[in-house]
Amino acid sequence: MEQIIDISVVVPLYNEEESLPELHAWIVRVMKANNFSYEIIFVNDGSTDSSWQVIEELSKTDPAVHGIKFRRNYGKSPALHCGFQASKGRVVITMDADLQDSPDEIPELYRMIVEDGYDLVSGYKQKRYDPLSKTIPTKLFNATARKVSGIHNLHDFNCGLKAYRSEVVKNIEVYGEMHRYVPYLAKNAGFDKIAEKVVHHQARKFGKTKFGGLNRFVNGYLDLLSLWFIAVFGRKPMHVFGFLGTIMFFLGFVAILIVGGIKLTAIIQGVPAPLVTDSPYFYIALTMMVLGTQLFLAGFLGELISRNAAGRNHYQIEKTI
Ligand code: UDP
Ligand code: MG
């Protein structure tokens with residue numbers, strides 16, 4: 001597909017009515033100053049305030065403004081996914097709607113993709129203006145994500161400000177809460193020229209964070225675990241379950257040999273043989289065989305499911321402009 005637009009800016013938003021006019025004006029200012037052709041895609045993730053009316057107003061005065069309105073709040077990942085699908089620019093830039101990310105970074109991010117040839121450039125909020133309760137767990141989270149994903153040069157996986165080559169966003173599926181791991185998704189899809197750029201960060205001007213609470217960390221780690229599993233075994237679940245199942249069967253088999261051996265030696269020596277159920281090895285054999293069978297079953301089911309996974313990215317879009 002021939003792309004004629006330089007940049008698509010994708011902005012997922014949930015109840016950010018106060019920030020939108022300022023954000024829009026700022027993006028337009030930067031685009032005009034650099035002579036970029038552009039579009040701005042606001043993805044309204046089921047806001048309950050007047051965000052959608054604001055977007056409609058903006059689109060009346062600026063034809064570069066597009067809007068997607070979810071019928072309900074699905075989350076940042078689905079919002080990004082639909083924004084990605086709709087984007088037409090050669091370079092796609094995502095940014096949060098809350099004015100914490102600065103549109104002034106756009107020209108340099110664009111240059112890094114187009115001239116330096118990176119697939120993905122992630123912002124790095126070296127100096128953050130967020131409460132400590134956010135920044136400390138984030139450090140831990142990023143260290144783990146670096147280790148698991150093997151992308152060692154990223155300090156800030158979750159930064160909302162990122163730039164992508166168009167092919168990247170068209171070929172990955174951001175779902176669930178996976179927006180925290182888009183670089184990992186990109187890498188798994190084969191886009192491994194990933195770089196980082198230190199970006200300006202500001203304190204939230206209006207409203208409050210949509211990602212409070214403790215469970216985001218638990219969920220964050222569980223998501224990382226699933227992504228790792230999918231990346232390593234997603235296309236071959238039998239390899240992991242079959243392996244574990246084989247170990248179980250092997251242990252069970254050894255236990256059976258021991259039980260049988262005890263019985264046999266007793267018979268050969270002509271002493272009364274103990275009941276097999278008196279031996280702990282009998283129970284070990286039993287358990288291992290049952291577990292082994294179940295693991296193999298899980299493996300077969302996994303294989304079936306991985307061949308039929310479709311439709312996990314169907315969202316109800318109420319309107320588009
Ligand atoms: N957001 C969204 N859907 C949600 C939650 C958040 O589209 O369910 C948007 C939000 O409006 C903002 C961005 O995702 O544009 C980042 O959210 P936030 O600023 O609350 O996160 P933080 O900066 O505190 O990590
Ligand atoms: Mg924010």
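Residue numbers count from 1 along this sequence. Note that the structure is predicted; figures quoted are calculated from it, not measured. As a basis for the values below, the full set of heavy atoms in this structure was taken, side chains included, without hydrogen atoms, waters or symmetry mates. Indexing begins at 1, ligand by ligand and atom by atom, following the structure's order.
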Nearest-contact summary for [atom] - protein heavy atom, Å:
{"atom": "atom 9 (C) of ligand 1", "value": "P12 O, 3.7 Å"}
{"atom": "atom 17 (O) of ligand 1", "value": "F211 CE1, 3.5 Å"}
{"atom": "atom 1 (N) of ligand 1", "value": "Y14 CB, 3.9 Å"}
{"atom": "atom 23 (O) of ligand 1", "value": "Q100 OE1, 2.9 Å"}
{"atom": "atom 25 (O) of ligand 1", "value": "K134 NZ, 3.1 Å"}
{"atom": "atom 5 (C) of ligand 1", "value": "K210 CB, 3.5 Å"}
{"atom": "atom 19 (O) of ligand 1", "value": "D98 OD2, 2.5 Å"}
{"atom": "atom 3 (N) of ligand 1", "value": "D45 OD2, 2.6 Å"}

Quiz item: Of all the atoms in ligand 1, which lie at a distance below 4.0 Å from a heavy atom belonging to L13?
Solution: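 Close to L13: 7 (O), 11 (O).
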
Quiz prompt | Minimum side-chain heavy-atom gap I113-Y164 below 4.5 Å | solution =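 Of all side-chain heavy-atom pairs linking Y164 with I113, none is under 4.5 Å.
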
Quiz prompt | Part of E16 with heavy atoms under 4.0 Å of ligand 1, whether side chain, backbone, both or neither | solution = side chain

Practice problem: Heavy-atom distances under 4.0 Å are what count here, so tell me which part of N73 touches ligand 1: side chain, backbone, both or neither. | Solution: side chain

Salt-bridge contact [X]-[Y] (side-chain N to carboxylate O under 4.0 Å):
{"X": "E167", "Y": "K170", "result": "no"}
{"X": "E16", "Y": "R204", "result": "yes"}
{"X": "D45", "Y": "K76", "result": "no"}
{"X": "E108", "Y": "K197", "result": "no"}

Self-check item: Candidate pair E177 and R180, rule side chain to side chain contact (heavy atoms under 4.5 Å, CB included), full reasoning
Solution: CA-CA 7 Å; E177 297 270 292; R180 300 192 180 96; 3.5 Å; yes

Quiz item: Cut-off 3.5 Å, side chains only: do Y221 and T144 have a donor facing an acceptor?
Solution: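 Yes, because at least one side-chain N or O of Y221 sits under 3.5 Å from a partner of the opposite role on T144.
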
Quiz item: Just checking, is any N or O donor in the side chain of N44 or S47 under 3.5 Å from an acceptor N or O on the other one?
Solution: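 S47 and N44 do have a side-chain donor-acceptor pair below 3.5 Å.
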
Quiz item: Does NE2 in H200 sit with more than 12 non-hydrogen atoms of other residues, nucleotides or ligands closer than 6.0 Å?
Solution: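 Open.
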
Quiz item: When only distance counts, is R204 in polar contact with ligand 1, meaning an N/O pair under 3.5 Å?
Solution: yes

Exercise. Return yes or no for this condition: an N or O of A97 is under 3.5 Å from an N or O of ligand 1.
Key: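 Right, the criterion is met.
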
Quiz item: At their closest point, which heavy atom of A195 faces which heavy atom of N153, and how far apart are they?
Solution: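 Closest approach of A195 to N153, heavy atoms only: CA-ND2, 4.3 Å.
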
Quiz item: At the Mg ion (ligand 2), what's the angle from Q100 OE1 to D98 OD2, rounded to 10 degrees?
Solution: 90°

Self-check item: G75 heavy atom under 4.0 Å from ligand 1
Solution: yes

